[in-house]
Amino acid sequence: MEERMFDYTSTYLRMNQKPWFPIMGEFHYSRYQDEFWEEELRKIQAGGVTIVSTYVIWIHHEEEEGVFDFSGCCDLRKFLQLCKKVGLMVFLRPGPWVHGEVRNGGFPDWLMEKGKRIRLRSDDPAYLRSVTRFWQAIFQQAQGLFWDQGGPIIGIQIENEYG
């Protein structure tokens with residue numbers, strides 16, 4: 001596998017020791033029919049975007065506690081593989097809270113109900129157990145697709161608009 005390195009000078013970013021000016025655009029895969037993802041990703045790339053930023057919206061993947069859905073328009077792995085195929089890098093945004101104009105900021109309804117007894121978006125151990133389980137499910141979908149593994153994922157943003 002070829003070396004793929006990022007660094008910077010005092011004036012610009014570099015990829016593989018060459019000047020690099022990334023352009024990032026947002027696409028929320030779970031809000032779009034999966035059969036059209038590749039076409040849309042190609043349009044995004046044709047518009048000059050080099051990095052796709054995408055939320056992993058918890059409420060879309062775990063509507064029922066402990067039951068994950070990574071099929072159809074929620075197939076994160078397929079989406080990441082298509083980004084790689086098309087030649088787009090990915091900045092993954094798994095929250096757990098994403099806002100994204102989604103009900104509950106993307107928190108599942110079952111978690112909101114627990115929020116009456118635990119502190120959400122905190123270091124409350126009960127909250128962190130649920131978050132950890134969600135992140136582990138995401139990691140399983142993304143395994144092998146991180147930048148250092150030859151995949152398209154170059155970065156991850158946890159939380160959103162915190163504080």
Open item on the list: Could you check whether any side-chain heavy atom of I57 comes within less than 4.5 Å of a side-chain heavy atom of R31, counting everything from C-beta outward?
Closed with: yes
Task: For S30 against H60, the heavy-atom pair lying closest together - done: OG-ND1, 2.6 Å
- [ ] Look only at the side chain of R4 and the backbone of W147, and say whether a donor-acceptor pair between them is shorter than 3.5 Å.
- [x] yes
TODO: Decide if the gap between the ring center of W20 and the ring center of F6 is smaller than 6.0 angstrom.
DONE: yes
Open item on the list: Would a single hydrophobic cluster contain both I59 and V131, if residues Ile, Leu, Val, Met, Phe, Trp and Tyr are joined by side-chain heavy-atom contacts under 4.5 Å?
Closed with: no
Task: Passing candidate, side-chain hydrogen bond (donor to acceptor under 3.5 Å, both in side chains) with E38, options K78, K43, K85 - done: K85
- [ ] May I ask you to decide if I23's main-chain N or O and T50's side chain share a donor-acceptor pair within less than 3.5 Å?
- [x] yes
- [ ] Please confirm whether the backbone N or O of V67 pairs with a side-chain atom of E65, one donor and one acceptor, at under 3.5 Å?
- [x] no
Task: Pairwise distance CZ(F107) to CH2(W97) - rounded to 0.5 angstrom - done: 8.0 Å
Open item on the list: Contact between Q141 and L80 at the side-chain level, heavy atoms closer than 4.5 Å - yes or no?
Closed with: no
- [ ] Working to the nearest 0.5 Å, report the span between CD1 of I44 and CD1 of I51.
- [x] 13.0 Å
- [ ] Starting at CG of D123, measure out to CG of L128 and round the result to the nearest 0.5 Å.
- [x] 6.5 Å
Task: For W135 against G95, the heavy-atom pair lying closest together - done: CZ2-O, 3.5 Å
Open item on the list: Please say yes or no: joined through hydrophobic side-chain contacts below 4.5 Å, possibly via intermediate residues, are I153 and I158 part of one cluster?
Closed with: yes
Open item on the list: F134 and ring-ring contact (aromatic ring centres under 6.0 Å, His included): which single residue from W58, F139, F70 fits?
Closed with: W58
Task: Beyond-backbone contact of L111 with Y127, side-chain heavy atoms, under 4.5 angstrom - done: yes
Task: Straight-line distance of M112 CE to R103 CZ, nearest 0.5 Å - done: 9.5 Å
Task: M24 versus S53, closest heavy-atom pair with distance - done: SD-CB, 3.7 Å
Task: D7 versus R14, closest heavy-atom pair with distance - done: OD2-NH2, 2.5 Å
TODO: Group every Ile, Leu, Val, Met, Phe, Trp and Tyr by side-chain heavy-atom contacts under 4.5 Å, then state whether V86 and L76 land in the same group.
DONE: yes
- [ ] May I ask whether M15 and Y8 are part of the same hydrophobic cluster, defined by side-chain heavy atoms of I, L, V, M, F, W, Y residues being less than 4.5 angstrom apart, directly or through others?
- [x] yes
Open item on the list: Looking at E35, I want to see if its CD is surrounded by more than 12 non-hydrogen atoms of other residues, nucleotides or ligands under 6.0 Å.
Closed with: yes
Task: V56 side chain near H61 side chain, heavy-atom distance below 4.5 Å - done: yes
Task: Nearest heavy atoms of L92 and P94, plus distance in Å - done: O-CD, 3.4 Å
TODO: Evaluate the side-chain proximity of P152 to L88: yes if any heavy-atom separation is below 4.5 Å, no if none is.
DONE: no
Open item on the list: Looking at E39 and F36, would you say the former's side chain and the latter's main chain have a donor-acceptor pair under 3.5 Å?
Closed with: no
TODO: Please answer whether the main-chain N or O of K18 pairs with a side-chain N or O of N16 as donor and acceptor at a distance below 3.5 Å.
DONE: no
Open item on the list: Please check if the number of heavy atoms outside L13 that lie under 6.0 Å from its CG is greater than 12.
Closed with: yes
TODO: Evaluate the side-chain proximity of F79 to V52: yes if any heavy-atom separation is below 4.5 Å, no if none is.
DONE: yes
Task: Spacing of E63 atom CD and D69 atom CG [to the nearest 0.5 Å] - done: 7.5 Å
Open item on the list: Using every non-hydrogen atom in the two residues, find where A126 and I118 come nearest and quote the distance to one decimal.
Closed with: CB-CG2, 3.5 Å
Open item on the list: Checking the side chain of Q45 only, and the main-chain atoms of L41 only, is there a donor and an acceptor separated by less than 3.5 Å?
Closed with: no
Task: side chain to side chain contact (heavy atoms under 4.5 Å, CB included) between R77 and L145, worked out - done: CA-CA 8 Å; R77 186 165 189 82; L145 294 168; 3.6 Å; yes
TODO: To the nearest 0.5 angstrom, please state how far the CD atom of E62 sits from the CD atom of E64.
DONE: 9.0 Å
Open item on the list: Using side-chain heavy atoms (C-beta onward) and a distance below 4.5 Å, is D75 in contact with Y29?
Closed with: no
Task: Contact check, side chains of F27 and V49, non-hydrogen atoms, under 4.5 Å - done: no
Task: Cluster check F21, M89: I/L/V/M/F/W/Y, side chain < 4.5 angstrom - done: no
